[in-house]
Amino acid sequence: MALTRTENSFIELRKQYIEKRFSNLNPVQRSAVLKTEGPLLILAGAGSGKTTVVVNRICCLLEFGNAYESDELARPVTDKDVEELRNALETGELTSSIRPLMKTGVIKPWNILAITFTNKAAGELKNRIEAAVGSDGLDVFASTFHSACVRFLRSDAELLGFPRSFTIYDTDDSKRVMKEIMKDLSIDDKLFPLNPQLSKIGRYKDSMTSPEEVTATAKEYRDRVTAKLYSEYQKRLKQAGAFDFDDLIYFTVRLLREHEEVREKYQRRFKYIMVDEYQDTSYAQSLLVRLLTGSERNLCVVGDDDQSIYRFRGATIENILGFENTFSNTKTIRLEQNYRSTSHILNSANSVIKNNKGRKGKTLWTNNGDGDKIKIICSDTEQEEAELIAKQITDNLNSGIRLKNQAVLYRMNAQSNAIENYFARAGIPYRVIGGQRFFDRAEIKDMIAYMCIVSNPADDLRLQRIINKPSRKIGAATIGELSRIADGLGVPMLEVIRDADDFETLSKASNALKNFYRIYQKLCDTLENGTLEDFVRDIIDSTGYRAMLTAEGDEGETRLQNVEELISTVKQYEQENEDGDLDRFLEQVALVSDIDSYDENTDAVVMMTLHSAKGLEFDCVYIAGMEEGIFPGELSRFDERETEEERRLCYVGITRAKKKLTLSYSKSRMLFGQTRRNRISRFLDELPPECVELPVEPERKIERTDYRSRNSGSVTLGSQASSIRQPKPAVKNNAVYMVGDRVNHRVFGDGTILSVTELSSDMLLEIDFDTRGVKKTMANYAPLKKL
DNA sequence: ACTAGCCACTTTTTT
DNA sequence: AGTGGCTAGT
């Protein structure tokens, strides 16, 4: 039906109004916000304001529905309506009579599904939506893949033969199960190491390959063993009513695939779907997204192929590279303007990443000024590295950058030790994100295990963990017998314990088992009749756990404190979640990561792995361990695909920095209990020389701040060790520099060269100046003369 | 059944 | 280097 002239002008003005509503965005961002219908691929460079786009896109949907791309009108329009809208464009004020005309399509907050990478990101997204559109925003379904899947499975897991109150196994649990399987099947875990087998199984799940399929196709002996392990592993998890992390995705996909009514339920509900960090999705996850997407295909994925860093856990970069092929008529939008970093930092990032081949290719640009150049610092040991980084941090603190805006990033968690040690001694407040999580501590896992068996009585694994903790005279022999009987009958171990009297072989342990069952029943009672907090307190006391810890002395004392902390966690959980129950709490515990609880308001230096830093930004970023064998890691050095992944990780690291970036390497480092000397990371060579700092520092004593303590002032750059190193001649500008040469520096005067280090196209010289101490300079940039 | 002491392994990165 | 698992001895 043709539109009248009045209608046409109204629709045209409506578009203008909506555009104006988002005039705070740049034109590219705005086009991404307004394109609400059909498949959309947003290639969002680091710091390009992609979260802002996602938030605004959701706002747009909630405020205007699909009005921007639609000809629909809620009622016939008159010339008066057109006039009022024209006024509204001037004043920004909509009259109540035309307001209903501004929105088309029925879009409620719960029709929008937004998948993020971490729980923290989901929370932030919700907060920002709430801030923009009010409490309606809270009903937008924003969560991670894993949390979303748990929600779906909670309502329909029975269709797959799992209980609704299923348990979620973490990596640790998986290992335990696998170890047991290997023992039962007499498979040598030297020949078939645990981790590779488990990750193989994980990759099978990522590619939606069932145990049956693997068994059918496995020809070689090793593959047949893996197939056997996989089948057995799944069998046991099912018996225990448990999913591991990969299962959550795998079984949700199966649920949606095999049950049309469930699939349609969600397709009807989620009219608009958005997926963030799409470059880090697995094949199974991309399938999941496809299954949730209805025939309208209102799917928007956001990602940056250069920031794909989770290949090791099944992410495939092909998802984002091939999105346009999977979804025909995809509109692709590139956000390339960076609002975060200075151009020296950005150019460095560009220069590093351009060495990768498999990428869509894009170049970030910024209007921010050049800013400071990239600092490179070099040390002899990892202790000294920590010291030098600390020095930079306090320098920057003195120039007004708060500690919370400074972050130390590294490749592996193990690197944090040396840095932590120094910071602790120097009195620099710091926080470490990641590493061992609170919920990974043994005593906390014990508490959780008690909670789990009440929630899911079939959870034999958790049961075994705590059945004799504290000691109840139930030993390995008894547990073995229990497990045998339970297996034979196909019932949970807990049932066998209940009926212990019926089994001859358990007669000796009968009393101990009855005693345990009484405790179990008491816990069930407490949960039934009280709050979660009562329940946890009861676990600590009734099980004798407190008594056990108290008896242990001061070791136990700290562990008791951790347990007490769990109580306050539970308490807080109950306060924040009205409808929270035990299952919900346990699932949260299973799915939170350390980064989720990272609070940016505490004023302390942040330390974390480069992986954890994804999505964050800091004024100052220090990346430690820029060495071959560390970063890129030893295993990645000779595999091109792996090296490219490391390079992307480096790109992620560099682009976290807003103002200052410091890269650090150490000439020697203690790792795996051995001291190793590593070459400088190739990534340093890939930096553009013009962005790297000429280390001509203004001559000033490092002011001691309150944070620095005694004894850390004597910073010795360049020890004898460095002068022993093989002299490499630096040829540039007709000058050849060798270790031991005497040189003159226009600012620092005369000195002796301590070391020559090849760096990019230049040479890094370490010079011991007669009057000014040891400094580092670039051969090409420094005002140097050979004497 | 429990404990102490020894050995081996870890190391990528995480939901 | 540190931790956790295993063995052997009580």
Side-chain angles (χ1 to χ4, degrees), chain A residues 115-122 143-150 168-172 174-176 179 183 189-190 193-195 198-199 202 205-206 243-250 277 280-282 284-285 308-315 382 409-418 421 433-437 439-442 468-480 508-509 512 587-596 608-614 625 629-637 639 642-643 645-646 648-650 652-653 669-676:
Chain A
I115 301 212
T116 57
F117 198 67
T118 61
N119 295 301
K120 179 165 179 269
S143 82
T144 63
F145 270 108
H146 294 269
S147 308
C149 288
V150 170
I168 302 168
Y169 276 7
D170 63 17
T171 340
D172 218 65
S174 302
K175 275 188 194 166
R176 261 168 227 264
K179 204 170 237 171
K183 213 166 91 194
D189 66 351
K190 298 257 182 333
L194 230 49
N195 285 335
L198 277 169
S199 89
K205 290 176 188 172
D206 286 333
F243 292 115
D244 68 17
F245 288 136
D246 299 314
D247 283 338
L248 292 175
I249 313 288
Y250 174 86
E277 308 284 6
D280 282 321
T281 52
S282 66
Q285 286 170 332
S308 166
I309 54 175
Y310 283 100
R311 204 164 78 90
F312 70 92
R313 80 170 198 217
E382 73 267 29
L409 309 181
Y410 36 78
R411 183 64 240 272
M412 343 175 236
N413 282 117
Q415 285 172 260
S416 74
N417 258 329
N421 272 332
I433 313 288
Q436 208 206 18
R437 298 180 311 157
F439 290 107
D440 285 339
R441 289 169 215 246
N468 203 30
K469 220 179 264 180
S471 170
R472 299 189 182 93
K473 308 265 182 233
I474 301 172
T478 309
I479 294 175
K508 256 188 264 170
E587 103 194 15
Q588 242 191 47
V589 167
L591 296 177
V592 292
S593 70
D594 226 29
I595 196 77
D596 292 332
M608 67 181 97
T609 63
L610 287 148
H611 281 87
S612 306
K614 187 166 83 156
I630 305 285
F631 190 29
E634 192 59 45
L635 300 170
S636 329
R637 285 178 61 195
D639 177 329
E642 296 285 335
T643 312
E645 173 118 337
E646 298 278 304
R648 289 193 289 270
L649 192 54
C650 185
V652 168
R669 181 181 298 276
M670 174 90 103
L671 202 61
F672 317 142
Q674 272 181 334
T675 304
R676 300 184 41 174

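Values below: all heavy atoms of this structure, side chains included; hydrogens, waters and symmetry mates excluded. In the text below, chain A, chain B and the rest are named by the order of the sequence lines, each starting its count at 1.
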**From CA spacing to verdict: salt bridge (charged side-chain N to carboxylate O under 4.0 Å, His left out), A/E646, A/R637** = CA-CA 9 Å; A/E646 298 278 304; A/R637 285 178 61 195; over 6 Å; no
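Comparing B/dT12 with C/dG5, their C1' atoms sit 23 Å apart, to the nearest whole Å.
For A/T478, counting side-chain heavy atoms from C-beta on, the closest listed nucleotide (B/dA1, C/dA1, B/dT12) is B/dA1. Which of B/dT14, B/dT15, B/dT12 sits closest to the side chain of A/T144 comes down to B/dT15. Out of B/dT14, B/dT12, C/dC6, the shortest distance to the side chain of A/Y310 is found at B/dT14. In this structure, of B/dT12, C/dC6, B/dT13, it is B/dT13 that holds the atom nearest to the side chain of A/F312. In the set C/dC6, B/dT15, B/dT12, the nucleotide with an atom closest to the side chain of A/L635 is B/dT12. The side chain of A/T171 approaches B/dT15 more closely than any other nucleotide in the set B/dC2, B/dT15, C/dC6.
The closest donor-acceptor contact from the side chain of A/H611 to the backbone of A/I309 lies under 3.5 Å.
At the heavy-atom level, A/F145 lies nowhere under 4.0 Å from the strands shown. If you check every strand for non-hydrogen atoms under 4.0 Å, A/T118 touches nothing.
Nearest-nucleotide positions on DNA chain B place A/P193 closer to the 5' end than the other of A/L591 and A/P193. Residue whose closest nucleotide on DNA chain B sits further toward the 5' end, between A/N468 and A/D246: A/N468.
At whole-Å resolution of the value, CG in A/L198 and C1' in B/dT15 are 15 Å apart.
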